[in-house]
Amino acid sequence: MSRYSMERHASIDAQLRLLAPGKVSEDDKLVEYDALLVDRFLDILQSLHGEDLRDTVQECYEISAKYEGTRDLSKLDELGNVLMSLDPGDSILVASSFSHMLNLGNLAEEVQIAHRRRNKLKKGDFVDESNATTESDIEETLKRLVEQLHKSPAEIFDALKNQTVDLVLTAHPTQSIRRSLLQKHGRIRNCLTQLTDKDITPDDQHELDEALQREIQAAFRTDEIRRTPPTPQDEMRAGMSYFHETIWKGVPKFLRRVDTALKNIGINERVPYNAPLIQFSSWMGGDRDGNPRVTPEVTRDVCLLARMIAASLYYSQIEDLMFELSMWRCSNELRERANELHQSTKKDAKHYIEFWKQVPPSEPYRVILGDVRDKLYNTRERSRHLLTNGISDMPEDATFTNVEQLLEPLELCYRSLCSCGDRPIADGSLLDFLRQVSTFGLSLVRLDIRQESDRHTDVLDAITNYLGIGSYHDWSEEKRQDWLLCELRGKRPLFGPDLPQTEEIADVLQTLHVIAELPSDSFGAYIISMATAPSDVLAVELLQRECHVKKPLRVVPLFEKLADLEAAPAALARLFSIDWYMNRISGKQEVMIGYSDSGKDAGRLSAAWQLYKAQEELVKVAKQYGVKLTMFHGRGGTVGRGGGPTHLAILSQPPETINGSFRVTIQGEVIEQSFGEEHLCFRTLQRFTAATLEHGMHPPIPPKPEWRALMDEMTVVATEEYRSIVFKEPRFVEYFRLATPETEYGRMNIGSRPSKRKPSGGIESLRAIPWIFAWTQTRFHLPVWLGFGAAFKHVMHKDIRNLQMLKEMYKEWPFFRVTIDLVEMVFAKGDPGIAAIYDKLLVSEELWSFGERLRANYEETKHLLLQVAGHRDLLEGDPYLKQRLRLRHAYITTLNVCQAYTLKRMRDPGFTINVKPHILKDINSDDPAADLVKLNPTSEYAPGLEDTLILTMKGIAAGMRNTG
């Protein structure tokens, strides 16, 4: 470790121990790991670009660290002077360096967390559940249910094998790091993990250290910036790579751990291979809500691509299984099937000649599995032909067309092995394979379709005008329902090929034709965004019928904005009162609730409470009509979009709202954090399964009536303050766009979807992701905390005893505690001093007082929040998280200041700086760093500015661990 790193990390460590004496263990490895990676990087930086650049990076860090320690705003000006004295090439290199150091810090953090957890498990300790950063694994949960909550093992087993967690991967544009870099980061993490192993030999250490330096340099030399936006197909391929790399093997490994955990509580039976514990769905290529790039052709392509990948994965595994199942003893049932296949192959010896050379008939399992292998090959080739040529001459009867056809011969092999006394063999790779087939099917993932309700209304309006019966747009809800039900009960076709169609109408109808064309197991749900009434659901049912969808998709209304959430229970009751619809759903209904748009509409406090109440009421309505309700949670990665630790998010849901069935979106960078590595995948599956089980068997307490009353009163005040600023303040939109990089967001090219639903419009038309992203970049996080302070202040001033009630709510009510803890974490990541720099440089002087008022509100809200939580300082109960944030902040501060000054130079061409003679004397020279500036020659800005800005945005996103 260099002298610089030793001083830097010793200073951080000392500050932490003063803040949390006795709580940060002496063997904590985070500082050590971070120093190791950063030192390697700084050495590489010096070897590539010279000692002067390294000194500049270290100088920037030291100034940032002093600011973090003193909150002396003059240090930010000093830092700005250093950064703005750089020429374009150096500016890019410095921004890139800090971005890479933040990514390296994140990798050190992940390795340290794994290290801590391993140590706890070796000691046999339960993981502490008292803060927002620790989560139970499945074994701990089962033991706690038996030992502390007195549940019987049989009860637990019954509940577990009947529960379902459906994880829905979305293509929402929040992953700021390119896939090629993520893969390099994974190799760096693996090298660091092995390097820190106690039993490593000197030779291994030398080789791993070389590999580590190689990967760090490769990551730094890889362009961080996406030069073009990804297509929906690109997003789909990136999403599918997680299945190939971690999820495919992670599922059977996880289910084996469940078996072991059950055995440890006295259940000697395995989870049935067809128990639906974990399911996977996708929105990649199906989410067309405001995304014109998701066309019917895209939907068709991603479904065929997924089927081809699934068949390929099965094919590569079936040959391993054939090699393993070489035994000759089998049941009569299996031997008869093997003989039949043997006889049939003699009739077509030309096709099977190679197979019979390799597999003697005396090995019956190989005969059965050989037939499965050939059909998997044909299945893969048929999908490939359809994907590339649109047609295939491969006969369907030579392929698998449904998952039952694939399961049947595998089940036959399993039964035979068990009946012959070979159950241990059956419970090996064959059981894993059966579990994979049951989980992934032939489609790998089921694709959800999402579309706005207005688009369906437009189609039906075209149809009613075509039929000459009026304008559907102008009809009342009652008239719409009457007409829709009349048509659903009838059989006449509504329109022919001569229906006048706009491009938007054709898109809706062609999408439904694709659904009708492809196998039904390719699809999951049809999500209607901005749903408000029963007619929105009935409209999709009718359109599916008109487009000849043989097995209609389940239709799922999505309630998002505050008013829609409030009206959702009544809308669902009206829907369930329709006999035709009740016959259609067979006692099951799914409803999606949106965290992002509800938060943007009313603020986090009001949205969280309304989501809570809406779920309670929706469940009551479903019970009244005898319907099993599944809640689909549309959560984002950040707290502002409903994000947070998995187990806390689940355990804070209202009682009886999960009931063994939980569906949730996994978005953007959260996909990488959940499935980027094998151990992350394993941990993710454990978290969701354990928390869903615990919620069902030990539901959280419901709020007391007086808590409800206080929450209702507070949210009225919170909503009013939030809306009075965001929607009613005349110059708020102007301030927002000046004080944040919102208008530059699209330059990152991190998603295929536009940042706005409509090209024009204010905050209401802006998607929730860039809304949150922009405030996260400036570390002000306004959408998360705005409204909390006014609500607390109101009830405390009204009656001082309310403070005691709020403390009681925090202590006893999981929902309220989680809400407060997550906002406290956001405050720990925030910094109004940084936000002030953006104001000073970018906001017109007449708006400075507005920014000052918001920052005063921030400080007052933080103070009130700490009072409610009973904390003297932010994160005082979680020293590990405090340590991790403190290590990141100095890096982020440098990027914040660089970003603010870069935005100033981009927006104000008259802004001048003094550029000192520097490392890159000529950006068109042969210096390797000059290439960085040449990467974007078409930029409308001065050389280097746009790339510098994008690098700061990516670096800050990496440091905050949330982009949106």
Side-chain angles (χ1 to χ4, degrees), residues 138 141 145 151 155-170 251 254-255 258 271-272 274-283 435 438-441 445-446 448 521 523-527 537 553-559 568-569 572 575-576 582 584-595 611-612 614-635 642 646-666 684-700 815:
I138 189 69
T141 298
L145 288 171
K151 303 293 182 181
E155 280 181 280
I156 294 170
F157 182 56
D158 188 58
L160 188 61
K161 68 184 180 182
N162 288 301
Q163 79 173 35
T164 300
V165 173
D166 190 353
L167 305 179
V168 185
L169 277 62
T170 79
V251 166
F254 163 68
L255 291 173
V258 175
V271 174
N274 55 357
L277 257 70
I278 294 288
Q279 302 291 308
F280 292 93
S281 302
S282 171
W283 279 15
R435 285 172 163 173
S438 295
T439 300
F440 301 109
V445 291
R446 289 180 179 266
D448 284 356
D521 65 351
F523 300 99
Y526 195 113
I527 315 291
V537 175
L553 279 61
R554 64 185 189 276
V555 182
V556 179
L558 165 54
F559 300 104
L572 199 66
L575 190 61
F576 289 163
M582 288 295 283
R584 157 81 175 92
I585 63 174
S586 304
K588 295 180 181 178
Q589 176 67 47
E590 185 176 318
V591 171
M592 185 173 183
I593 51 175
Y595 289 70
L611 286 160
Y612 189 96
Q615 289 185 75
E616 289 182 315
E617 294 303 315
L618 287 166
V619 167
K620 286 180 184 176
V621 169
K623 276 188 174 182
Q624 180 185 342
Y625 285 89
V627 174
K628 177 177 170 52
L629 189 69
T630 296
M631 301 302 307
F632 182 8
H633 298 259
R635 309 179 77 94
T646 298
H647 78 297
L648 291 177
I650 294 175
L651 295 179
S652 65
Q653 299 303 316
E656 299 185 47
T657 56
I658 292 181
N659 199 24
S661 181
F662 188 71
R663 199 163 195 251
V664 64
T665 52
I666 310 289
T684 296
L685 300 180
Q686 288 209 106
R687 287 170 173 173
F688 278 104
T689 302
T692 301
L693 178 68
E694 186 167 352
H695 188 282
M697 301 202 74
H698 182 58
F815 163 78

If I take atom [atom1] from residue [X] and atom [atom2] from residue [Y], how far apart are they, to the nearest 0.5 angstrom?
| X | Y | atom1 | atom2 | value |
| --- | --- | --- | --- | --- |
| I138 | F254 | CD1 | CZ | 5.5 Å |
| D448 | L169 | CG | CG | 11.0 Å |
| H647 | Q686 | NE2 | CD | 13.0 Å |

Least distance between heavy atoms, [X] atom then [Y] atom:
| X | Y | value |
| --- | --- | --- |
| I593 | L611 | CB-CD2, 3.8 Å |
| Q279 | T439 | OE1-O, 3.9 Å |
| P699 | P655 | CB-CB, 4.1 Å |
| F815 | S652 | CB-O, 3.6 Å |
| T141 | A690 | OG1-CB, 3.3 Å |
| A525 | V556 | CB-CG2, 3.7 Å |

Which residues pass the side-chain contact (heavy atoms from CB on, under 4.5 Å) test with [X], not counting sequence neighbours?
| X | value |
| --- | --- |
| L572 | L575, F576, Q589, V591, L618, V621, L629 |
| T657 | Q615, V619, Q653, P654, H695 |
| A275 | K161, V271, P272, L277 |

In chain order, what residues pass the side chain to side chain donor-acceptor pair (under 3.5 Å) check against [X], with sequence neighbours excluded?
| X | value |
| --- | --- |
| Q163 | none |
| Q624 | none |
| S281 | D166, R663 |
| T630 | S661 |

For this session: Would you sort out whether I585 and M582 count as a side-chain contact (heavy atoms from CB on, under 4.5 Å), showing the intermediate values?
Result: CA-CA 5 Å; I585 63 174; M582 288 295 283; 4.1 Å; yes

Exercise. Yes or no on side-chain contact (heavy atoms from CB on, under 4.5 Å) for L693 and L145, after CA distance, side-chain angles and deciding distance?
Worked result: CA-CA 10 Å; L693 178 68; L145 288 171; 3.8 Å; yes

Exercise. Under a 4.5 Å cut-off applied to non-hydrogen side-chain atoms, are L160 and T689 in contact?
Worked result: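 The answer is yes; the side chains approach within 4.5 Å.
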
Exercise. Which residues pass the salt bridge (charged side-chain N to carboxylate O under 4.0 Å, His left out) test with D521, sequence neighbours left out?
Worked result: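 Counting only residues at least two positions away or on another chain, D521 forms a salt bridge (charged side-chain N to carboxylate O under 4.0 Å, His left out) with R307.
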
Exercise. Residues two or more places apart in sequence or in another chain: which of them pass ring-ring contact (aromatic ring centres under 6.0 Å, His included) with F662?
Worked result: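 For F662, the residues satisfying ring-ring contact (aromatic ring centres under 6.0 Å, His included) (neighbours in sequence not counted) are H633.
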
For this session: Could you pull out all residues at least two apart from Y526 that satisfy ring-ring contact (aromatic ring centres under 6.0 Å, His included)?
Result: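 If we apply the ring-ring contact (aromatic ring centres under 6.0 Å, His included) test to Y526, skipping adjacent residues, the hits are H456.
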
For this session: Output every pair passing salt bridge (charged side-chain N to carboxylate O under 4.0 Å, His left out) with a member in residues 619-634, not counting sequence neighbours, ordered by first then second residue.
Result: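 Output for this query lists E617-K620, K623-E656.
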
For this session: Determine, step by step, whether L167 and V664 satisfy the side-chain contact (heavy atoms from CB on, under 4.5 Å) criterion, reporting the C-alpha distance in whole Å, the side-chain angles of both residues, the deciding distance to 0.1 Å, and the verdict.
Result: CA-CA 6 Å; L167 305 179; V664 64; 3.8 Å; yes

Exercise. Hey, mind stepping through M592 and T665 against side-chain contact (heavy atoms from CB on, under 4.5 Å) and telling me if it holds?
Worked result: CA-CA 10 Å; M592 185 173 183; T665 52; 4.2 Å; yes

